[in-house]
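Shown next, in structure tokens, is the structure this report addresses.
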Amino acid sequence: MTFKAAVVQMCSGVDPAKNAASMMHLVREAAAQGAIYVQTPEMTGMLQRDRVAAKLVLRDESDDIIVRTASALAAELGIYLHVGSTAIALDGGKIANRGFLFGPEGKILNRYDKIHMFDVDLDNGESWRESAAYRPGSEARVVSLPFAEMGFTICYDVRFPALFRAQAIAGAEVMTVPAAFTRQTGEAHWEILLRARAIENGVFVIAAAQAGLHEDGRETYGHSMFIDPWGKVLASAGGTGEAVIVADIDRTAVKAARDKIPNLKNGREFSIEKITGAVVGGVAT
């Protein structure tokens, strides 16, 4: 009922080949510490704000260096390797923000395209329109692995609790949240959102993050972490640079948390009605 998991924290640049080499080094380090499941961050293959420059090096799935490298690495090490996501070229000029899970034989066991697009305007002048370049996904999945039932999300998805609840109800015991959180939003919300999703659903949360100042000028928050179903942070990385952290995931903790607070069972359907006007002194206004 217990397995050893690892997250690798990265500071991906604009060159997919260099990022693939960094991924190899970090994943090997994680496997050497006994991890059978290893997760990398969102956009493992490249962080590049210049979309014209990005499209010049993007490839489809069959020719992507991160996909090829991760497949070979999983087979070499005999592990389950979860590439949190990487940018994949699609027909029609769009891009997929796609995560991959590779099995110990190097085969792709699951793909997940990020559902919720990061379209925001922040106080410090940062503005992001992920939907301008990326095609959103439309399908969530729970994958049955020998050691756990695992659900998949990416970064901004963490702000949409219905996605997590649906996967928990479908049987997920572990939720994955690879990310490239901005420093501003990370400082404000990263840990509290991850802990909330764990507590609400009685699941482990495993979140590998990008960290530090990147070649394209953006700055990401880091603090990759593991959280148990009671909301306790089991392990956490720093806020800058590469790191490998590991944790033992004991699935019995999922049942224990859900037995204490069975909110997945206690949920009820309800209707909602919007009332216009307010009552002041007994008179509707």
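Start at 1 with the first residue, then count along the sequence.
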> Is it the case that Thr220 and Gln210 place a side-chain donor and acceptor less than 3.5 Å from each other?
Replying inline: no
> Got a donor-acceptor contact below 3.5 angstrom from the Arg49 side chain to the Arg218 backbone?
Replying inline: no
>> Main chain of Ile206, side chain of Thr176: is a donor-acceptor contact present, judged purely on distance under 3.5 Å?
In response: no
>> Can you tell whether the side chains of Asp228 and Lys232 come within less than 4.0 Å, N to carboxylate O?
In response: no
>> Do Glu139 and Ile115 make a side-chain contact, defined as non-hydrogen atoms from C-beta onward lying under 4.5 Å apart?
In response: no
> So does Asp259 have more than 12 non-hydrogen atoms from other groups sitting under 6.0 Å from CG?
Replying inline: yes
> Same cluster for Val83 and Tyr134 if Ile/Leu/Val/Met/Phe/Trp/Tyr side chains link at under 4.5 Å?
Replying inline: no
>> Would the distance check show the side chain of Glu42 and the main-chain N or O of Ala180 forming a donor-acceptor pair, the cut-off being under 3.5 Å?
In response: yes
>> As a quick check of understanding, evaluate side chain to side chain donor-acceptor pair (under 3.5 Å) for Ser85 and Asn97, giving each step before the final call.
In response: CA-CA 6 Å; Ser85 85; Asn97 189 344; 2.6 Å; yes
> Is there a donor-acceptor contact under 3.5 Å from the side chain of Lys114 to the main chain of Ala96?
Replying inline: no
>> Checking the side chain of His223 only, and the main-chain atoms of Ser236 only, is there a donor and an acceptor separated by less than 3.5 Å?
In response: no
>> Taking the side chain as everything from C-beta on, heavy atoms only, tell me whether Asp50 gets closer than 4.5 Å to Val14.
In response: no
>> Once rounded to the nearest 0.5 Å, what's the spacing between atom CD1 of Ile88 and atom CG of Asp63?
In response: 10.0 Å
> Given Thr252 and Lys255, is the side-chain contact (heavy atoms from CB on, under 4.5 Å) satisfied, shown in steps?
Replying inline: CA-CA 5 Å; Thr252 62; Lys255 183 178 186 303; 5.8 Å; no
>> Using side-chain heavy atoms (C-beta onward) and a distance below 4.5 Å, is Phe102 in contact with Leu73?
In response: no
> Is Tyr37 close to Leu101 at the side-chain level, that is, under 4.5 Å between some pair of heavy atoms?
Replying inline: yes
> Should Arg195 and Val205 count as side-chain neighbours, where that means a heavy-atom distance under 4.5 Å?
Replying inline: no
> Do side-chain atoms of Lys55 reach the backbone of Gly93 as a donor and acceptor pair under 3.5 angstrom?
Replying inline: yes
>> If you apply the rule side-chain contact (heavy atoms from CB on, under 4.5 Å), what do you find for Lys265 with Arg258, and how did you get there?
In response: CA-CA 9 Å; Lys265 295 180 180 179; Arg258 291 175 176 177; over 6 Å; no
>> Could you tell me if the side chain of Asn19 sits less than 4.5 Å from the side chain of Thr44, heavy atoms only?
In response: no
> Looking at side-chain heavy atoms only, is the closest gap between Asp157 and Tyr112 below 4.5 Å?
Replying inline: yes
> Can you name the one residue among Tyr221, Trp190, Phe118 that meets ring pair (Phe, Tyr, Trp, His ring centres under 6.0 Å) with Phe181?
Replying inline: Trp190
>> So, taking the atom named CD1 in Ile79 and the one named CZ in Arg28, what distance separates them when rounded to the nearest 0.5 Å?
In response: 10.0 Å
> Given the rule that I, L, V, M, F, W and Y join up when any side-chain heavy atoms are under 4.5 Å apart, are Met46 and Ile95 in one cluster?
Replying inline: yes
>> Let's go through Tyr156 and Met117 carefully: what are the C-alpha distance in whole Å and the side-chain angles of both, what is the deciding distance for side-chain contact (heavy atoms from CB on, under 4.5 Å) to 0.1 Å, and is it a yes or a no?
In response: CA-CA 7 Å; Tyr156 191 49; Met117 299 287 95; 5.8 Å; no
> From Leu81 CG over to Thr40 OG1, what is the distance, rounded to the nearest 0.5 angstrom?
Replying inline: 6.5 Å
> What is the minimum heavy-atom distance between Ala148 and Val174, and which atoms define it?
Replying inline: CB-CG2, 4.0 Å
>> side-chain contact (heavy atoms from CB on, under 4.5 Å), that's the test. Do Met1 and Asp250 meet it? Break it down for me.
In response: CA-CA 6 Å; Met1 298 295 286; Asp250 182 357; 4.2 Å; yes
>> Closer than 3.5 angstrom, by distance alone: can the side chain of Arg183 be matched with the main-chain N or O of Gly222 as a donor-acceptor pair?
In response: no
>> Would the distance check show the side chain of Ser71 and the main-chain N or O of Gly106 forming a donor-acceptor pair, the cut-off being under 3.5 Å?
In response: yes
> Closest approach of Gly202 and Pro229, non-hydrogen atoms and distance?
Replying inline: C-CB, 3.6 Å
> When rounded to the nearest 0.5 angstrom, what distance separates CD1 in Ile154 from CE in Met43?
Replying inline: 7.5 Å
> What are the two closest heavy atoms between Ser224 and Gln9, and how far apart are they?
Replying inline: OG-OE1, 2.8 Å
>> So, taking the atom named CZ in Arg159 and the one named OG1 in Thr153, what distance separates them when rounded to the nearest 0.5 Å?
In response: 12.5 Å
> Any sub-3.5 Å donor-acceptor pair from Arg165's side-chain atoms to Asn201's backbone N or O?
Replying inline: no
> Side chains of Val233 and Phe226: closer than 4.5 Å at any heavy-atom pair?
Replying inline: no
> Do the two ring centres, one from His82 and one from Phe152, sit under 6.0 Å apart?
Replying inline: yes
>> Looking at Asp113 and Arg98, is there a salt bridge between them, counting it only when a charged N and a carboxylate O are closer than 4.0 Å?
In response: yes
>> Looking at every heavy atom in both Met10 and Glu242, which two are closest together, and how far apart are they?
In response: CA-CG, 4.2 Å
> Between Phe164 and Leu193, is there a shared hydrophobic cluster once you connect ILVMFWY residues whose side-chain heavy atoms come closer than 4.5 Å?
Replying inline: yes
